[in-house]
Amino acid sequence: MLWPMLALALAFCGIAVLAVLSVRVYAEVRRLARQVSDSSARITRAAEDLERATEPLSAQVGAVRRDGSAAHGH
């Protein structure tokens, strides 16, 4: 009777350890998902800032190209 009780106790402890580890994995996955979401939002903001910053430059390049092709008669 001792061995079946010991096997049952070990099985219970094993399941308890797996449950604790699964809760920890779940918490880490949630934390990682939150960080990925924050990073994605930052990247989107940076891309929008870059687009806004390049608009005046592209307008200047377009004006220079138009002036240059007009001066060369193209």
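As the structure is a computational prediction, the values presented were derived from the model and not from experiment.
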What is the distance from atom [atom1] of [X] to atom [atom2] of [Y], rounded to the nearest 0.5 Å?
{"X": "R42", "Y": "Q35", "atom1": "CZ", "atom2": "CD", "value": "8.5 Å"}
{"X": "S39", "Y": "L32", "atom1": "OG", "atom2": "CG", "value": "9.0 Å"}
{"X": "T54", "Y": "Q60", "atom1": "OG1", "atom2": "CD", "value": "11.5 Å"}

Identify each donor-acceptor pair in which a side-chain atom of residues 8-19 lies under 3.5 Å from a protein atom, sequence neighbours left out, and give them as a table.
none

Find out whether E48 and T44 are in side-chain contact, i.e. whether some heavy atom of one side chain is under 4.5 Å from a heavy atom of the other. yes
Less than 4.5 Å apart, side chain to side chain, heavy atoms only: is that true for D49 and R52? yes
Is it the case that the side chain of S40 and the backbone of V36 share a donor-acceptor pair, with hydrogens and angles ignored and the cut-off at 3.5 Å? no
